[in-house]
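Every chain is numbered from 1 and lettered A, B, ... according to where its sequence line falls, protein lines coming before strand lines. As the structure is a prediction and not an experimental result, all values here were calculated from the model.
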Number of protein chains: 2
Amino acid sequence: MKNITPQQQKVLDCIQVYINKTGFPPTRADICKELGFKSPNSAETHLRALEKKGFISIESGTSRGISINNPEIVENNNEYPIVGLVAAGSPTLASENVEKTLNCPKGFFGSDFDYFLRVRGLSMKDAGIMEDDLIAVKKTQEIRNGDIVIARIEDEVTVKYFQRTAPNIVHLKPANQDFKDIEVNLEETELFIEGKSVGLIREN
Amino acid sequence: MKNITPQQQKVLDCIQVYINKTGFPPTRADICKELGFKSPNSAETHLRALEKKGFISIESGTSRGISINNPEIVENNNEYPIVGLVAAGSPTLASENVEKTLNCPKGFFGSDFDYFLRVRGLSMKDAGIMEDDLIAVKKTQEIRNGDIVIARIEDEVTVKYFQRTAPNIVHLKPANQDFKDIEVNLEETELFIEGKSVGLIREN
DNA sequence: AATTTTACTATATATTTATACAGTATAATG
DNA sequence: CATTATACTGTATAAATATATAGTAAAATT
């Protein structure tokens with residue numbers, strides 16, 4: 001995807017706005033009217049440039065045959081479950097754990113995610129994670145040092161920074177001086193990583 | 001919304017499938033081709049019936065001017081502008097201040113809001129507002145003590161707690177010990193409230 | 001039983017629309 | 001310095017398209 005010029009961006013926006021408003025793409029004349037051009041060829045050349053750069057597709061010989069190339073916007077929305085931090089047991093998606101669902105565009109946080117976790121306590125306060133915040137959790141085992149993970153140690157679920165200090169030693173670090181580090185020896189204690197935080201939502 | 005006949009449902013489905021596939025609505029001829037009709041008037045009469053029953057809208061004199069009436073899904077979402085904290089001047093919605101837009105369901109934070117403000121600095125750190133967070137700002141003058149407001153004092157825009165301590169005295173309180181209280185005497189200094197925070201989004 | 005709705009074929013045409021061609025001018029790139 | 005990309009106006013036209021008109025026939029409604 002090459003660089004878009006400001007004018008081409010205007011044309012692209014104009015197309016998107018037109019589709020949002022009417023449900024179908026504009027004609028060359030429609031674009032001219034909207035942007036003040038006096039020749040249909042002004043729109044035509046912009047469309048050709050946008051097509052060449054990969055921003056749109058044009059179906060030749062077809063009226064209003066413009067489509068915006070944006071795979072992200074397709075199948076946009078989704079209802080994501082909000083689960084509470086259950087004291088005992090993992091935050092499963094079983095219906096008794098789901099307080100409600102939240103409609104959120106897919107890929108809202110850049111990355112995919114699976115559910116929202118409602119935060120209890122202030123152990124990650126200095127990371128800007130407050131009580132009742134919703135953490136967007138992606139179920140994954142691909143964890144790097146410094147990631148904020150949702151971890152389960154023997155029926156206890158917590159949100160902490162992940163830090164592997166030795167092949168068998170993992171530190172779960174809070175972001176709050178009042179809480180203490182949890183050092184887990186993987187040979188002695190079972191540690192299950194539910195996933196990691198990819199975003200956060202606060203409603204106030 | 002009256003009863004749809006099976007054949008009309010087929011036509012409606014055909015339109016939806018065509019839009020999903022191509023990004024724009026079909027012509028009469030396209031519908032005929034898809035459903036095996038031999039006359040464009042077959043499609044035309046079905047379209048008229050669907051319009052009469054309220055399932056679609058037809059823009060007269062417009063090629064491919066068909067839109068599916070679905071009030072639930074339409075208008076659910078919105079593109080909200082993301083504005084940066086401009087050092088001088090208010091965070092207006094002028095295009096030069098808008099870095100990009102974010103698709104977000106309406107009423108996502110319980111309340112309506114107008115734009116997202118990208119946070120600079122750590123003056124509200126203890127309130128869980130970190131650098132680069134997006135604050136959902138509702139433009140309003142209805143502010144209560146304790147609200148997080150976006151305030152402008154002589155070309156300086158800040159995010160702070162609002163606290164009125166006397167009829168003419170307003171304190172703008174940071175949530176970080178390293179920053180100091182701003183006391184504003186409304187008789188001496190002009191204080192403009194842009195709006196208040198109704199929510200927060202963090203992408204990590 | 002009469003009328004309306006549904007469900008088509010077939011043909012015609014005014015209008016809409018994409019798109020080519022001929023220019024002008026400035027900025028960016030190699 | 002030549003070339004390409006950007007950014008337009010203006011005119012023209014073949015093709016795409018909506019839409020009207022004229023029929024036929026079965027099903028549903030009044």
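For C/dT6, neither phosphate oxygen OP1 nor OP2 lies less than 4.0 angstrom from any side-chain nitrogen or oxygen of B/Thr45. Side-chain N/O atoms of A/Arg28 include one lying less than 4.0 angstrom from OP1 or OP2 on C/dA18. In terms of phosphate contacts, A/Thr62 brings no side-chain nitrogen or oxygen within less than 4.0 Å of OP1 or OP2 of C/dA18. For the OP1/OP2 pair of C/dT6 and a distance below 4.0 Å, the side-chain nitrogens and oxygens of B/Lys53 include at least one atom meeting the criterion. For D/dA7, the OP1/OP2 oxygens have a side-chain nitrogen or oxygen of A/His46 closer than 4.0 Å. Within the structure, every side-chain polar atom (N or O) of B/Arg64 is placed at least 4.0 Å from both OP1 and OP2 of C/dT17.
Within the nucleic acid shown, A/Thr5 comes within 4.0 Å of sugar-phosphate atoms alone, with no base atom in reach, counting heavy atoms only. Within the nucleic acid shown, B/Gln7 comes within 4.0 Å of sugar-phosphate atoms alone, with no base atom in reach, counting heavy atoms only.
Separating the NZ atom of A/Lys10 from the C1' atom of D/dT6 is a distance of 14 Å, rounded to the nearest angstrom. Atom pair B/Ile66:CD1 and D/dT17:C1' shows a separation of 11 Å (rounding to whole Å applied). Between the P atom of D/dT17 and the CG atom of B/Asp30 lies a distance of 7 Å, rounded to the nearest Å. Rounded to an integer number of Å, the gap from CG of B/Leu50 to C1' of C/dT5 is 14 Å. Between B/Gln9 atom CD and C/dA7 atom C1' there is a gap of 16 Å when expressed in whole angstrom units. Note: NZ (B/Lys33) to P (D/dT17) measures 11 Å, nearest angstrom. Regarding A/Glu44, its CD atom lies at a distance of 14 Å from the P atom of D/dT9, rounded to whole Å. If you take CG of A/Leu47 and P of D/dT6, they are 13 Å apart, rounded to a whole angstrom.
Between D/dA12, D/dT19, D/dA5, one nucleotide has an atom nearer to the side chain of B/Ile58 than all others, and that is D/dT19. The side chain of B/Asn41 lies closest to C/dA10, out of C/dA10, C/dT17, D/dC8. Distances from the side chain of A/Lys38 to the nucleotides C/dT6, D/dT9, D/dT11 place D/dT9 closest. Among the nucleotides D/dT19, D/dT17, C/dA20, the one closest to any side-chain atom of A/Ser63 is D/dT17. Residue B/Gln8 places its side chain closer to C/dA7 than to any other of C/dA7, D/dT19, C/dC8.
Under the 3.5 Å distance criterion, the side-chain polar atoms of B/Arg64 are matched with a main-chain donor or acceptor of A/Ser63. Judged purely by atom type and a 3.5 angstrom limit, B/Asp147 has no side-chain atom pairing as donor or acceptor with the backbone of B/Phe162.
Interatomic distance, B/Ile182 CD1 to B/Thr158 OG1, rounded to the nearest 0.5 Å: 5.0 Å.
Aromatic ring centres of B/Phe108 and A/Phe108: separated by under 6.0 Å.
Position along DNA chain C of the nearest nucleotide to A/Pro26 versus B/Ser42 favours B/Ser42 as the more 5'-ward residue.
The pair A/Glu194-A/Lys139 fails the salt-bridge criterion, with no side-chain N (NZ, NE, NH1 or NH2) lying under 4.0 Å from an Asp/Glu carboxylate O. Ionic pairing of A/Arg202 and A/Asp133 is present here: one or more N-O contacts between side-chain nitrogen and carboxylate oxygen are shorter than 4.0 angstrom.
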